[in-house]
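Heads up, the thing below is written out as structure tokens.
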4 protein chains.
Amino acid sequence: MNKTFHSISRGRPRSTAARQAILDTALQITKRDGFSALTIEGIAREAGVGKPTIYRWWQSKGMIVFEALQQQAEKELPLPENMSLRKGLLTFLQALFTTLNTGIGDIVRSLMAEAQHDPVFADLFRAQFISIRRQPLLQLLHDGITRGDLPADTNIEVLADLIYGAMWYRLLAQHAPLDADFAHAIVKLLLPASPS
Amino acid sequence: MNKTFHSISRGRPRSTAARQAILDTALQITKRDGFSALTIEGIAREAGVGKPTIYRWWQSKGMIVFEALQQQAEKELPLPENMSLRKGLLTFLQALFTTLNTGIGDIVRSLMAEAQHDPVFADLFRAQFISIRRQPLLQLLHDGITRGDLPADTNIEVLADLIYGAMWYRLLAQHAPLDADFAHAIVKLLLPASPS
Amino acid sequence: MNKTFHSISRGRPRSTAARQAILDTALQITKRDGFSALTIEGIAREAGVGKPTIYRWWQSKGMIVFEALQQQAEKELPLPENMSLRKGLLTFLQALFTTLNTGIGDIVRSLMAEAQHDPVFADLFRAQFISIRRQPLLQLLHDGITRGDLPADTNIEVLADLIYGAMWYRLLAQHAPLDADFAHAIVKLLLPASPS
Amino acid sequence: MNKTFHSISRGRPRSTAARQAILDTALQITKRDGFSALTIEGIAREAGVGKPTIYRWWQSKGMIVFEALQQQAEKELPLPENMSLRKGLLTFLQALFTTLNTGIGDIVRSLMAEAQHDPVFADLFRAQFISIRRQPLLQLLHDGITRGDLPADTNIEVLADLIYGAMWYRLLAQHAPLDADFAHAIVKLLLPASPS
DNA sequence: TATTAAGCGAGACGGTACGTCTTGTCTTGGA
DNA sequence: TCCAAGACAAGACGTACCGTCTCGCTTAATA
């Protein structure tokens, strides 16, 4: 009963200082020189950390940057509430585009690129980024149905694909900006019938 | 007059055999081992070609694969004609998805990834791939307006972003397949009001 | 003055089990994989011992193997007695060569090599191995002088250098074997005039 | 007959500058910091040369230093001629010891050590160093037989082992110097009967 | 009998070097 | 002038050990 609970982990505990230095440095280099200029060697050098320490905890530079990004962007996009779907979607898109235009967008682009030739990272990225970011949007659309702003039989998964797809397309192909006009145009096209 | 006609450029002319061998080998390696396993070194080795010969004519491995892809896929997607926009768009999407599911999709994914960390290639890719592929779709949508299947004030550029965006999103994030159901769902969502 | 006199060693005494496991494992790895495949890391792993435990008690892997070797070869070469110098030297050399041909030779070679780039170990090796092994031979030669088998003014230190030198030379250069023929030939050359 | 002889090697020829820089740097580092402080990485760094260039031409750092040593010590020990064996051997040993005491000795020691845990290098070292250096001595001893300074049935191979062995023993064990006294003592012990 | 200091295993840490790989350039001789 | 061949400087890759450190747990002598 009063028997002490045995600590599971033995040995020297993981250094949080090293961990944080690695994450910070990785993000800093990525922002400064771009993701393709990021090397494990470079992180180790600038973070003042041994290479094996990096390899011990991360499988690839993609995962480091991803974790750093998640950590920094702890604050989730606030889900617009108590708005019409029209208003809510517009708010959602504008907040999304604003965030992406602050430099975060370049990192996100790089991570999507990385996922294309690293299947392990692709799985992580899909599960921890793509899927998670879809949830608020799906919730928004679902509420739209509940509220009667959308037909009950609307395929909201595909609708989310159209919305997020448009964002990714412009983010990656860079043929046009992610601006307020784009947000308005998307809303207008997807939620056309604005019944009085 | 038995003097040989000197071509404008002197010296040995460019070897078409070498050129073709490079393109073929690059495509073959990409299909076999994936784009990230493709190296200039490897192309030179397998094509029996000197590395400088490759560097003389292409700036990056992205451009080689891109050129090889363009060459192979000479035959453009045939623009559906004399159909309703609904029918036409569905046909267009199904043909597109079918093509992407044959292995071409993986190469296209890799090229989009490559464009994310090679600005020079990104420009080429945007101009010679993204933009060009948009034209038939824009034409289709434009015809839709003409035919009265779409309101005259429809922003067809953004509509094209929604359509192609959905494709790229699923192609890159791999969270759901590019299949006939998806094509149908897109059409249903974007061209909802089917009068008469 | 009431200050207590602290015993020199307080706390938990050194674990003999760990000590012996380290020595045994080191010798075993050296015999199995060779001295250059021996690592502190490897000893710790196979002996089920922490690395600091090794570093606490030994300065280098050379010293571990040396101690293990000394421990195993506790039984010294028996000094031949009551023989002529000729007979005694021959017996001595044959016993020496036989020992070296059992696998001990490889370890001894490695230790001599180690001494070449570790001055601390070199001092230990010279004092505890080289010098100690010379004593029986010097005794033998000294007895030879006493018995009249050697001239009284013979420089037995240099004579010992010639004898042990020949052994080391063949052991290290491996250009010829350490066999009975070699022992006979050495004796014949160094103690030529066998007067009646 | 007048058919041109085709050059066997195509491509860019080996850079003699790089080759020499590597050899020079390797020798310099070895002399400055010792052989065990010599690393391929360090040679590349100081010589301003790529690592693969080193690995392309040498299998190990032992071989680099060995080649550098051979190149520097092009001038062979001059074989003493027209001397009695006594005089000749003394001259030979004194020249040998003098050379070894100039810093060459430390390098030679390291190479012998290296040969103990690198079988490939050991073969090279035995063939290109040990064996080659034995030849002049064997010649000297052979001439001694011819001249009548040695019995005709003298086993000169073993005699050479005794002589070179004594040198190696003192060089490696460092228990006594390689000086003129040692040379004299060796000669006195091995060539005792100096008739008239 | 309780305290306590040292030893113990485990294992993370900052480093360094390894040997390999690819990059983009340069330098040949042959076509 | 272009080509193949291939050497070059550069530098990142991921791994293996190094020697040090920090843990929590024994363990036996001391008080």
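So you know, we letter chains A, B, ... as the sequences are listed, proteins then strands, and number each from 1.
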Using only side-chain N and O atoms of Arg56(B), determine if any of them is under 4.0 Å from OP1 or OP2 of dC2(F).
no
Set out, in order, the CA-CA distance, both residues' side-chain angles and the distance that settles side chain to side chain contact (heavy atoms under 4.5 Å, CB included) for Met112(A) and Gln116(B), then state yes or no.
CA-CA 9 Å; Met112(A) 180 60 107; Gln116(B) 304 311 309; over 6 Å; no
OP1 or OP2 of dA4(F) versus the side-chain N and O atoms of Thr53(B): is any pair under 4.0 Å?
yes
Please determine whether any donor N or O and acceptor N or O are separated by less than 3.5 Å between the side chain of Lys51(A) and the base of dG14(F).
yes
Arg45(C) CZ - dC18(F) P separation (whole Å)
9 Å
Base dC26(E) paired with Arg12(D) side chain (donor-acceptor, <3.5 Å)
yes
note: Glu41(C), atom CD; dA12(E), atom C1'; distance rounded to Å ~ 11 Å
Could you tell me the separation between the CD1 atom of Ile22(B) and the C1' atom of dC2(F), rounded to a whole number of Å?
12 Å
List the steps and the verdict of side chain to side chain contact (heavy atoms under 4.5 Å, CB included) for Val108(A) and Phe129(A).
CA-CA 10 Å; Val108(A) 170; Phe129(A) 193 89; 4.0 Å; yes
Answer yes or no: is there a donor N or O on one side and an acceptor on the other, between the side chain of Lys31(A) and the main chain of Gly103(A), under 3.5 Å?
no
Would you say a side-chain N or O of Trp57(C) is under 4.0 Å from OP1 or OP2 of dC8(E)?
yes
Options dC21(E), dT27(E), dC13(F), nucleotide nearest the side-chain atoms of Pro52(B)
dT27(E)
Nearest whole Å is fine: how far is dA10(F) P from Ile54(D) CD1?
12 Å
Taken to the nearest whole Å, CD1/Ile43(D) to C1'/dC8(F) is 17 Å
Taking 4.0 angstrom as the limit, do Glu46(C) and Arg32(C) come out as a salt bridge?
yes
Starting at atom CZ of Arg14(D), determine the distance to atom C1' of dG6(F), rounded to an integer number of angstrom.
14 Å
On DNA chain F, compare the nucleotides closest to Ala18(D) and Val49(B); which residue's is nearer the 5' end?
Val49(B)
Identify whether any heavy atom of Gly48(C) sits under 4.0 Å from a base atom; if not, whether one sits that close to sugar-phosphate; answer base, sugar-phosphate or nothing.
sugar-phosphate
Between Tyr55(D) (OH) and dG11(F) (C1'), how many Å, whole number?
14 Å
